[in-house]
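Accompanying notes for the structure given below.
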Amino acid sequence: MTMQFTYVRPGSLQDAVSHLQSENARIHADLCQKPRCWYYRGEFHCLRKGGASCYAVSGENQYHCILGGQDCFIVHPSDTAPALLALDAHLRVAGPGGSRTVDMEDFFVPPAEDVTRETVLEPGEIVTEIVLPQAAAALRSSYRKVRARQSWDFALAGAALAIEQEGGLVTKARVVLSGAAPVPWRAREVEEIITDSPLDAEVVRRAAAAAMAQAVPLGKNGYKVALFQGMLEEELEKMRILCWPPEGVSQSF
Amino acid sequence: MGSVPSVVNLVKGEMMKDDDNDLYFVEGIAVPETPLPGEALPAWRKTAVIGGREPRVDAYERVSGTAVYPSDIVLPNMLYGALLRCPHAHARVKKVDVSAAEKMDGVHAVLTGASLGRQVQWPYTETVVTDLFDAHCRFEGEAVAAVAAATPYAVRDALRAIKVEYEVLPFVADERRALEAGAVRIQAEGNRLKGETYERGDVGKGFAEADVVLEQEYRTACEIHAPMELHGCVANWEGDSLTIWESTQGVYSVQAKAAEILGLPLSRVRVIGHYVGGGFGSKLQPGKYTICAALLARRTGRPVKLFLSREETMLAAGNRPPATMTIKAGVKKDGVLTALQFSGLGSGGAYPAGGTSLLDWLVRDLYTCANVKSELTDVAINAGPARPFRAPGHPQCALALEQMMDSLAEAVGLDPVDIRLKNVPLVSQAREGAPPYTTTGLAECIRRGAEAFGWGEARRRTAAARKDKGHLKRGVGMGSCLWVAGGGRPPATVIVKLFADGSVNLNMGASDIGTGTKTVMSMVLSEELGVRPETIQIEHADTGSTQYATPSGGSKTVPTESPAVRAAAVAVKQQLLKMAAEELGRPQEDLRYTGEYIEVAGNGKKVKITAIAALKRQGVVVGIGYRGPNPEGKAVNPFAAQFCEVEVNIRTGEVRILRFLGAHESGRVMDRLTFDNQVFGGITMGIGLGMTETRILDGNRTGKMVNRNLHDYKLPTALDVPVDMVSLPVDMPDAEANNTGAKGLGEPVTIPTAAAIANAIYDATGVRVQESPADPLTMNRLLAAQGREGRS
Ligand SMILES: Cc1cc2nc3c(=O)[nH]c(=O)nc-3n(C[C@H](O)[C@H](O)[C@H](O)COP(=O)(O)OP(=O)(O)OC[C@H]3O[C@@H](n4cnc5c(N)ncnc54)[C@H](O)[C@@H]3O)c2cc1C
Ligand code: SF4
C-alpha cells in the first residue's frame, strides 16, 4: 500500500491550525528535537554533553544564539514551537507517574537553568497532546523564517506573530522568535511597545529595535541583530496591513 | 533477422516497421560524403542529426535504476572495507592497537602503518610521497588503518574498536595565516608550497596611462565536492590479476596509478567504470580507498567493496580551494584596459594539490590588456587535499575580475556590456607567441546574450527604481569568461564495428560522467553512418576491453573523442565502399555511401549495405579512428557570458535569484539537450559558490570541519535556483579545431555565474560582495556596513 501525503504551506498560524482539523492531519511539532549545534552533533565533548566547556562560545558560532545564552549558546531548532507558544498553547504530558499539563511557556529549559536538558520532560515522559485556546476573531498571525538556503534549512532568524487589533490599535500581542535563543523566545519588549499602539512606522521601528536591545552577539553571529530587526519591521508592517481596514473605516472604496 | 531487434523494440517501447533496413538505418537520412582514404575529413556542412535534440541513449537505464553504478556492484563472497581516519586536524600516530578489532566477529583483515610499513607508498604528487598510512596525519580524515569485514555494520564496529594513541599537534586552518611567523610547519620545507609569477608589458606604465585605477580585495570560500555517488570501488583478484570497479571519470588513470602503487603490470589491472554518479574533477584519479580495497582483497582472497561515507568524502575527497585575491586595474575613459595586477593566495590543503591552480588565468587572458602582472602563492593548511573542481581557479578569479570590470565601467560611465566589448581579444595573450584563437564567440555571447536577456531595458528599469523607498531591490548583472582548456587533444583511439546485419558497435575508453558522452558519440555515428543512435551498442570505460582514453575532465571529452569517433565511422564507410566497388566493378570514386545503401553516382544503381557479399563473409567491418593533432600556433577555447536578475531584501539580506541566461560558445552544438543540461547544471553549481556553499573549519580550537554533512554544508536546492533559466547556444562550428568543430562546454558553464550574481546584487543595492557566499550572514554584515539607508 502506498501512503499519500499532501503537504500544505499555510498562510498563517491559524491557517495551519485549521488544516490540522481535517481528518488524519499531522504536524511534526518539533518540540523535543535535540540541539542542532554542530559541536553537539559532532565529535566534540562539549558542556551540554557533559564535557568541560562550550566549543561554540569562541568558535564557529555563526548559527548560535544572541539572546538567552549562558554557558551554552544553542538556538532552539523548531519552527513550530514558537508558533505554538505565540498561540498560547499548553501541553499534555504523560509518564509512568501519570499525566500533567505544562504551559508551553514552562516547557523549555534554558541553559541558565540546566545546561544538560532542553525540556522539563522527565525520563519516561512524552508529550501526548497540544492544546490550543479558541482563537479570538480579531487574531491575525504569521510565521516568518529567514534561512541560508530556501529549503531544508533551519531558521537563521524567525518570528511567530499572534496579534489582535481593534480600532487601529493592537490590543493583544504575542511575538516569539526562533533562531534567536536556546528556547523559543518571547520578545516581550516588542509585545509591550506595540500593545495599545497603532502599528505605524515609528512604533514598528521602535519595537524591532527593542527586540534586539538585550542581544549579546558572539564572534560570528552579529549579523543576526540587523537581520532580526529588519525581519521584525517587515513582519509587523505586514500585520498592520493584515488587519486593514481598522474598525470604523468604511470598506466601500 | 527480426527477432533480436524486436526485443530491442520492446525494451525501447517503440514500434518499428518490419523492414530490416529500417532496423538500424534511418530512412532517407543525408549522410556526408565519404572522403577517399588518406584525404582529410572536411568539416560537416548541413547536419541531419548533430545539433538536434537527442535524448540520452542510456536514459531508460538511468531513470529505471537498471544502470549498474560501481556502488551497485555486489559480488559473491564480497567483504566490506572501510578506512579509519584521523579525527584531528594535525596529529602524529603514536600507537595503533587493533587487537580488539581483529578478534571481532566478521572481521577478516586489518591493515595499519605497522603491518604495511614502507611497502606501500602513496604519491600525493610526483615528488611528495608518503607511506600509505603515514604516522604524520596532516589533515582531519587522513587514513590511519583499513578494515575488511563481512558486513557494512561489522566493518564500522571494527573501526570503533581500534584504539589509536595520537599526539595532537598545533594546526593552521586558514590560508591567510599559514605564512605567519610561528605557524606550525605542515610540510618539512614549510607552508609555502609554490609561488608563481607572470608578467607582460609594464603595469607601472599601464597604471600611469590610466584615467581610473581601482583596487579591490576578494575571498572565495572553500567548496566541497559532493557528487551524488560517493567515492569508492569494488576490488577483486583472480590469480595475479586485479579488477577494480571504480566510480571514476577515467578508468585508464585509475589503472595507471593503481598499477604503479601496487607494483603491477598495467596489463594485470583492469578498471571498469561504466557509470559514475558525478565526479566534477574529484574522480579523475583513484584514492587511497582504491589501494586499500585492493590490498584488503589481496589479504582476504575475497572481493572487497570500499565506498566512503558522505562525511569522509567531505574531509578527504577534494575541494575547490579557498582563494584570497587582490586585483588592481587601470582603464582609459573610453573603457580600454591599460593594466591588470593580481595576486592570489590559496590552499589546496595539507599537500600540494593545486591550491592556486589557474587562479589568475582570466586576468591573464580574458580581456585585451598589454600590461599584466600576477603573483600566486599556494600554501599548506591542515585540511583535506584539493582535487580539481569544475573549472579550477576560474570561478574564483571571475568573481574578482568581473566585479572589477563592472566597477571600472561605472567609474568611466560605461555599461558593463560595452566595457567588455571594448576589450575582446582575438589572440590568447597569455600563451607563448600570443596565438590567435581558432574562433572566439566572446563578443557574440555578450551581444546576443544581452539582447536575449533584455539587458538594456532591464538596466534602465533597475536604475529608475533606485529612487524607490521599498526594501525589495531589483538588480541585473552579468559576467563573461573563457575556459583555459576545452579544445581537447590527442590521444584518443576509437573502434567502430559494423556487423553483417548493419548493426553498429562503438568501442571507446572514455567515461560518460553524466554529461552525455555516449549520446553525443552515438549522434556522430548516426550522422556519418546513417544509423539510428539508439540502436548503437556502446562499450566504454573498461581498460580490459576498450581503447586507451584520458579521463573525462577539462571539458575535453567531446572535442577529444568525437573526432576519433567520426574518423572511425569514416574508416568503416571507406571499407564498405571498397567492398562494394569490387562487387559492382566500379571505381570507388563513383560510389556514394548513403546509409542503407551504396549508390552508383549517376545511374541510380545501388546495393544494400547488408547485401554486400564481402561483409557477409567477413562478418564485420572494423573502423579505427584516432584523434588528430590540434592546429599549430592556435588556441582553442570556449567562451561565454551569463546574465541574471536578483531581488535583494535589504532589511533581511535575503537574495532571490529571479532569472538567469547563459550564452555559450563551445564551437558546434552537438546535442542541444545535453548542451542545455550543462548550462543549467553549471549555473546551479555556480549558485552554490555564489550563494550557499562554504566549508567551515573550527579555526580557533580544533581545526576540524564542523559542517561535514549535507545539512550544514549547504548545496543549493531546487528552490535556490530560478525556474526561469535560459540556455542560448552561440553555435559556431570551429572547422580549425577538429573534424567535428566542437569545443568543450562542461566547465565554462559555471565560471561567470557567481560573478554575475554579485554584479546584480551591486546593481540592486550598491553593495559589492567581495566574498562568497552571498548568504544572509554576509549580506546583513555588508548591508549594515553600508548603512540602512541604502546606496549612497
Ligand atoms: C533534514 C531535516 C531538516 C529539518 N528542517 C527543519 C526546520 O527547518 N524546522 C523545523 O522546525 N524542523 C526541521 N526539521 C525537524 C523536523 O521537524 C523534526 O524532525 C520533526 O518535527 C520531528 O518529528 P518526528 O515525528 O519525526 O519526531 P522524531 O524524530 O520521532 O522525534 C524527534 C525527537 O522528539 C522526541 N519525541 C518525539 N515524539 C515525542 C513526544 N510525543 N513526546 C516527547 N518527545 C518526543 C524524540 O524522542 C526525539 O528526541 C528537520 C529535520 C530534518 C531531518
Ligand atoms: S553551544 Fe551548547 S551544545 Fe553547542 S558546543 Fe556550546 S555547550 Fe555544546
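The sequence lines fix the lettering, A, B, ..., with proteins before strands; numbering per chain opens at 1. Note that the structure is predicted; figures quoted are calculated from it, not measured.
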Under 4.5 Å from any heavy atom of chain A, what part of [X] do you find: side chain, backbone, both or neither?
X	answer
B/Asn649	side chain
B/Glu693	neither
B/Arg656	neither
B/Thr702	side chain
B/Leu782	neither

Worksheet item: Can you name the closest pair of heavy atoms from A/Ala148 and B/Thr692 and give their distance?
Response: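 What the structure gives for the nearest pair is O-CG2, 3.9 Å.
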Discussion item. Testing the basics here: between A/Arg149 and B/Leu715, what is the closest heavy-atom pair and its distance to 0.1 Å?
Written reply: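 Answer, listing the atom of A/Arg149 first, then B/Leu715: NH1-O, 2.7 Å.
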Fill in: Closest-packed option against chain A by number of heavy-atom pairs under 4.5 Å, given B/Asn709, B/Val655, B/Asp712, B/Leu710
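The answer is B/Leu710.
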Discussion item. Taking the cut-offs as 6.0 angstrom to the six-membered ring centre and 45 degrees off its axis, would you call B/Lys714 and A/Phe154 a cation-pi pair?
Written reply: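 No, a cation-pi geometry is absent between B/Lys714 and A/Phe154.
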With heavy-atom distances below 4.5 Å as the criterion, would you say the side chains of [X] and [Y] are in contact?
X	Y	value
A/Arg36	B/His711	yes
B/Arg781	A/Lys220	no
A/Ser53	B/Arg701	yes
A/Tyr63	B/Leu777	yes
B/Ile696	A/Trp38	yes
A/Trp152	B/Leu719	no
B/Thr652	A/Arg144	yes
A/Tyr55	B/Val706	no

Rounded at 0.5 Å granularity, tell me how far [atom1] in [X] sits from [atom2] in [Y].
X	Y	atom1	atom2	result
A/Arg147	B/Asp720	CZ	CG	9.0 Å
A/Leu156	B/Asp775	CG	CG	7.5 Å
A/Gln150	B/Ile657	CD	CD1	9.5 Å
B/His88	A/Glu43	NE2	CD	9.0 Å

Practice prompt. Sort A/Asn221 into side chain, backbone, both or neither according to what part of it lies under 4.5 angstrom from a heavy atom of chain B.
Written response: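 Answer is neither: A/Asn221 stays 4.5 Å or more from chain B.
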Worksheet entry | Region of A/Arg41 that comes under 4.5 Å of a non-hydrogen atom in chain B |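 The answer is neither part of A/Arg41.
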Item to complete: Kindly say whether A/Ser58 contributes a backbone atom to a donor-acceptor pair with the side chain of B/Asn700 at under 3.5 angstrom?
Response: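 Yes: the side chain of B/Asn700 pairs with the backbone of A/Ser58.
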Heavy atoms of other groups near [X] [atom1], more than 12 under 6.0 Å:
X	atom1	result
A/Gln214	CD	no
B/Arg156	CZ	yes
B/Arg176	CZ	yes

Discussion item. I'd like to know which of A/Tyr39, A/Phe44, A/Tyr223 tops the heavy-atom pair count under 4.5 Å against chain B.
Written reply: A/Tyr223
Practice prompt. Using a strict 4.0 Å threshold on nitrogen-to-oxygen distance, state whether B/Arg651 and A/Glu237 make a salt bridge.
Written response: yes
